[in-house]
Undergrad: 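Quick one: the structure is below, and I'll ask about it shortly.
All residue numbers refer to positions in the sequence shown, counting from 1. Both counts, for ligands and for their atoms, begin at 1 and track the order of listing.
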Amino acid sequence: MKYYANFKMNKTVENINEYFKDFNEFDVKGNEVCFYVSPALIQTSVNATNFNIGAQNIATSKWGALTGETSIEQVVNLGAKSVLIGHSERRNIFGETDEDISSKIKLAKEYDIEIVLCVGEKLEEREHKKEVIEAQIKHALNGVSNYQNIVIAYEPVWAIGTGVTAEPKDIEEMVKFINNLLEENYKVKMPILYGGSVKASNVGSFKSISGLSGFLVGGASLNAQEFYELIKA
Ligand code: PEP
């Protein structure tokens with residue numbers, strides 16, 4: 001399965017070197033592991049033996065006068081193998097629009113990098129979550145012609161960092177819904193991840209969800225041993 005970790009704005013070079021030194025010793029064979037770190041820390045993965053490193057975001061342009069942003073060209077050059085696009089914190093804290101997300105996907109498609117498109121409904125959208133997810137996916141993929149190397153992370157916003165998870169049957173229903181949507185509209189199959197308060201003690205109830213390819217994990221990935229236990233659970 002895929003176990004993708006979002007460190008968000010956490011860890012220094014020292015912290016991350018220590019983490020990766022520990023993690024390199026763990027046996028995670030048969031799984032795909034990726035850590036999304038802040039751009040300044042991407043290069044710390046040079047000694048990685050059992051994981052990839054990814055970027056948490058990219059700018060909407062390749063180059064230019066965008067103070068404080070980091071471009072796809074820069075993260076690829078630093079060694080990122082994957083990029084998160086449309087994380088709910090980008091959408092809701094930084095006001096990222098569907099149009100921005102679509103531009104970022106089209107830009108990233110010019111590179112040999114995996115794209116993890118994050119989608120999810122807010123608490124007040126739960127009643128019509130399928131329409132919300134359908135609109136997010138259709139906007140994001142608008143104008144994209146090559147769907148290879150795109151992963152969908154279904155992350156209900158109300159479950160991120162709250163300790164509350166979606167019910168396995170609801171996740172299964174959403175996985176099925178997303179799969180059908182992709183098949184009907186784009187004739188493709190993409191791996192689907194679940195994210196939202198996943199940890200070692202609850203991951204067991206999600207691992208058998210039909211069609212689910214893995215997890216995007218925030219808080220429970222910050223400690224190497226804890227994240228390893230989640231993978232092994
Ligand atoms: C996330 O940030 O994508 C996430 C799933 O966070 P957490 O696991 O802390 O809910």
Undergrad: Classify the ring geometry of F206 against Y194: parallel below 30°, tilted from 30° to 60°, perpendicular beyond 60°.
TA: tilted
Undergrad: Roughly how far, to the nearest 0.5 Å, is the CG atom of L230 from the CG atom of N223?
TA: 11.5 Å
Undergrad: List every atom of ligand 1 that sits less than 4.0 Å from any heavy atom of G196, numbering the atoms from 1 in the order shown and giving each element.
TA: 5 (C), 10 (O)
Undergrad: Give the numbers and elements of all ligand 1 atoms closer than 4.0 Å to a heavy atom of A159.
TA: 10 (O)
Undergrad: Can you tell me the protein heavy atom closest to atom 5 (C) of ligand 1 and the distance?
TA: E155 OE2, 3.0 Å
Undergrad: Is there a donor-acceptor contact under 3.5 Å from the side chain of D100 to the main chain of T97?
TA: yes
Undergrad: I16 and side-chain contact (heavy atoms from CB on, under 4.5 Å): which single residue from N10, V37, I53 fits?
TA: V37
Undergrad: What part of N6 sits under 4.0 Å from ligand 1 if we count only heavy atoms: the side chain, the backbone, both or neither?
TA: side chain
Undergrad: Counting only nitrogen or oxygen atoms and a 3.5 angstrom limit, does K8 reach ligand 1?
TA: yes
Undergrad: How close does the nearest protein non-hydrogen atom get to atom 8 (O) of ligand 1, and which residue and atom is it?
TA: G218 N, 2.8 Å
Undergrad: May I ask you to check if K11 and F7 form a cation-pi contact, with NZ or CZ under 6.0 angstrom from the six-membered ring centre and within 45° of the axis?
TA: yes
Undergrad: Under the side-chain contact (heavy atoms from CB on, under 4.5 Å) rule, what do L84 and C118 come out as? Steps first, then yes or no, please.
TA: CA-CA 7 Å; L84 293 182; C118 302; 4.2 Å; yes
Undergrad: Test your reading of the structure: does V217 have an N or O sitting under 3.5 Å from an N or O of ligand 1?
TA: no
Undergrad: Which is it for A153 and ligand 1 at heavy atoms under 4.0 Å: side chain, backbone, both or neither?
TA: neither
Undergrad: Kindly say whether the aromatic ring centers of Y19 and F227 come within a distance under 6.0 Å.
TA: no
Undergrad: Hey, what do you get for CD (Q136) to OG (S102), rounding to the nearest 0.5 Å?
TA: 13.0 Å
Undergrad: Could you check atom 1 (C) of ligand 1 against the protein and tell me its nearest heavy-atom contact, residue, atom and distance included?
TA: H87 NE2, 3.3 Å
Undergrad: Need the ligand 1 atom indices (1-based, order shown) with element for anything under 4.0 Å from a heavy-atom of G219.
TA: 7 (P), 8 (O), 9 (O)
Undergrad: Identify, by atom number and element, the atoms of ligand 1 in contact range of G161, meaning under 4.0 Å from any of its heavy atoms.
TA: 7 (P), 9 (O), 10 (O)
Undergrad: Under 4.0 Å, counting heavy atoms only: does S197 come that close to any atom of ligand 1?
TA: yes
Undergrad: Checking the side chain of N6 only, and the main-chain atoms of L216 only, is there a donor and an acceptor separated by less than 3.5 Å?
TA: no
Undergrad: Near L216, which atoms of ligand 1 are under 4.0 Å from a heavy atom of that residue?
TA: 3 (O), 5 (C)
